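Shown next, in structure tokens, is the structure this report addresses.
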Amino acid sequence: MSNLKGKLFEKIQAWRPRTAKLLKESGSVKIGEVNIGQAIGGARDVKCLVTDISYLDPVEGIRFRGMTIPEVIEKLPKVPGCEMPYVEGHVYLLLTGDIPTDKEVASVAEEFQKRARVPQYVFDVLRAMPRDTHPMTMLSAAVVAMQRESVYVQRYNAGIHKNDYWDPTYEDGMNLLAQLPQIAAYIFRMKYRSDTIIPSNPKLDMGGDFAQMMGIDKPYDDVSRLYFILHSDHESGNVSAHTGHLISSALSDMYYSISGMINGLAGPLHGLANQEVLRWIQGVMAKMGGKVPSDEEMRQFVWDTLKSGQVVPGYGHAVLRKTDPRYMAQREFCLKHMPEDPLFKYVDMLFRIVPPVLLEQGKAKDPWPNVDAQSGVIQWYYGVREYDFYTVLFAVGRALGVVCNIIWDRALGYPIERPKSVTTAMLEDMAAKAAAASKG
Ligand code: CMX
């Protein structure tokens, strides 16, 4: 058993009695109520998912295992000579709740290196797809094509005990995480760099190897590390995380679950917003003939977007009610490495202009920028200008958190998910009864 897996097993054994006790002794304790607005409105704020890996406070933003983004970046062991921590160390933190030592990080990196061989047929599947297929479709297809590799399925079919499901789930999850960066970089080079594939260098850490497979020099390795860590987890109710959890709750394996996660992330209201931001800004730039718009002109572009019935991409959030700390972490990176970049200046201008407009319009509950408002700018600056690729980067990052969550779901024996639906007539009936009761 690897160091990480051994440590995880200890944690699982210590955690199981807590979940069991809650279920046995306090299963009927109410933690909230559901109203008609929430039933029709996408279950906003309905507390019906459990995760200990991250928690999203509406005002403070995300905490990974209780730590803010600056704390995580400060505390995790850094790659020698680099600003950003090892992604491998972040996986250790998400899975176990502990900050790893240098030695522990090295052992996770070694574990990923051993698992990194992507089967050739996955590349053949990608090559068989039309080259103009969206890269998210390619990524999802590549992951589901690998389903035949599932260790979990083999062990399940052999009759493994329920208590041990987490073990082959861990194997599948770690294999997939070790291979995803390679698949993503392969899609990029095949589609956008004249099919010039750069092989993985097993001596490098995950972020460093991804950057070299993309063919982009320093500090893109740090950009990759930052990007994967920032996007890794955002508690369990967002579409990608929830989809992964839902699919795996049917005991579908990691490959089915992560492929589904990727499909959910591909929506413009979720992960695809990072490509939409760039597309939107490019539209503004084209209209201005490259000239930087005045504040008033920019304000008008934002209003035009709203009046045409579209959302301003990169702004608003279902839970957050403050500027996303993931946005701020990337903004800090931009201020340090690319303060004079024209696109960054556009994005910074939007940071000033959009929130007051959204406030004036009065619809969005959160007028502040989310993670997607800033991420494309950094990629653009370092030469990744094919913005339909941006959500693939988000997906590689998001898989880190969703894989860890699914391993814990299986460890704690969470059951198949099955919320209850009602009909519109039932809601009308409940509404009428509530109105009659309030009258008298
Ligand atoms: N521009 C224009 N209108 C917006 C808006 C925005 N950025 N954000 C919210 N609104 C509108 C909603 O469309 C909704 O309008 P209707 O009442 O006409 O349906 C109204 O404001 C209320 O929405 P809300 O409760 O504030 O937001 P939701 O929880 O329904 O949706 C989100 C959240 C993220 C989908 C929404 O803010 C949005 O569409 N933002 C733009 C897309 C985006 O950046 N998505 C990425 C989010 C982060 C991620 O998951 O990657």
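Nothing here was measured: the structure is a model prediction, and the numbers come from that model. We count ligands from 1, going down the list as the structure has it; atoms in each ligand are counted the same way.
Neither side chain, Glu235 nor His242, offers a donor N or O lying under 3.5 Å from an acceptor on the other. Checked by atom type, the side-chain pair His337/Glu332 shows no donor-acceptor distance below 3.5 Å. Between the side chains of Arg398 and Ser232, not a single donor N or O lies within less than 3.5 Å of an accepting N or O.
Tyr315 O, 4.0 Å is the protein heavy atom nearest to atom 38 (C) of ligand 1. Atom 26 (O) of ligand 1 has its closest protein heavy atom at Lys365 N, 2.7 Å. Counting only heavy atoms of the protein, atom 6 (C) of ligand 1 lies nearest to Val312 N, 3.6 Å. Among protein heavy atoms, atom 45 (N) of ligand 1 sits closest to Leu269 O, 2.8 Å. The single protein non-hydrogen atom nearest to atom 9 (C) of ligand 1 is Ala364 CB, 3.5 Å, given as residue, atom name and distance. At the top of the distance list for atom 33 (C) of ligand 1, counting protein heavy atoms only, stands Ala318 N, 3.7 Å. Here the heavy atom of the protein found nearest to atom 22 (C) of ligand 1 is Lys363 O, 3.5 Å. For atom 47 (C) of ligand 1, the nearest non-hydrogen atom of the protein is Asn370 ND2, 3.5 Å.
Listed by number with element, the atoms of ligand 1 under 4.0 angstrom from any heavy atom of Ala273 are 43 (C), 44 (O), 45 (N), 46 (C). Counting the atoms of ligand 1 from 1 in the order shown, those under 4.0 Å from a heavy atom of His317 are 33 (C), 34 (C), 37 (O). Close approach of ligand 1 to Leu306 (heavy-atom distance below 4.0 Å) involves ligand atoms 1 (N), 2 (C). Every atom of ligand 1 is numbered from 1 in the order shown, and the set under 4.0 Å from a heavy atom of Phe394 is 51 (O). Listed by number with element, the atoms of ligand 1 under 4.0 Å from a non-hydrogen atom of Gly314 are 43 (C), 44 (O).
Contacts between Asp372 and ligand 1 below 4.0 angstrom, taking non-hydrogen atoms only, involve the side chain exclusively.
Under a 4.0 Å heavy-atom criterion, Asn238 is not in contact with ligand 1. Under the 4.0 angstrom criterion for non-hydrogen atoms, Arg44 is in contact with ligand 1.
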query = What do the steps show when you test Arg117 against Gln179 for side-chain contact (heavy atoms from CB on, under 4.5 Å), and what is the final call?
reply = CA-CA 7 Å; Arg117 207 190 71 77; Gln179 293 164 14; 5.6 Å; no
request  = Report the C-alpha distance between His90 and Phe64 in whole Å, list the side-chain angles of each, state the deciding distance to 0.1 Å, and finish with yes or no for ring-ring contact (aromatic ring centres under 6.0 Å, His included).
outcome  = CA-CA 9 Å; His90 189 58; Phe64 300 116; 4.9 Å; yes
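Ion pairing between Asp221 and Lys218 holds under the 4.0 Å rule for side-chain N and carboxylate O. A salt bridge links Asp205 with Arg225: the distance from a Lys NZ or Arg NE/NH1/NH2 to an Asp or Glu carboxylate oxygen falls below 4.0 Å.
No donor-acceptor distance shorter than 3.5 angstrom exists from the side chain of Arg189 to the backbone of Tyr186, with no hydrogens or angles considered.
In the displayed structure, Trp380 atom CH2 is contacted under 6.0 Å by more than 12 heavy atoms of other residues, nucleotides or ligands. The local environment of CG in Asp217 is sparse, with at most 12 non-hydrogen atoms from other residues, nucleotides or ligands closer than 6.0 Å. Residue Arg63 qualifies as enclosed at atom CZ: its count of foreign heavy atoms under 6.0 Å is above 12.
On a distance-only criterion, Val371 and ligand 1 share no N/O pair closer than 3.5 Å.
For atom 19 (O) of ligand 1, the nearest protein heavy atom lies 4.0 Å or farther away. Under the 4.0 Å distance rule, the nearest protein heavy atom to atom 12 (C) of ligand 1 falls outside the cut-off.
Between Tyr327 and Val371 there is no side-chain heavy-atom pair separated by less than 4.5 Å.
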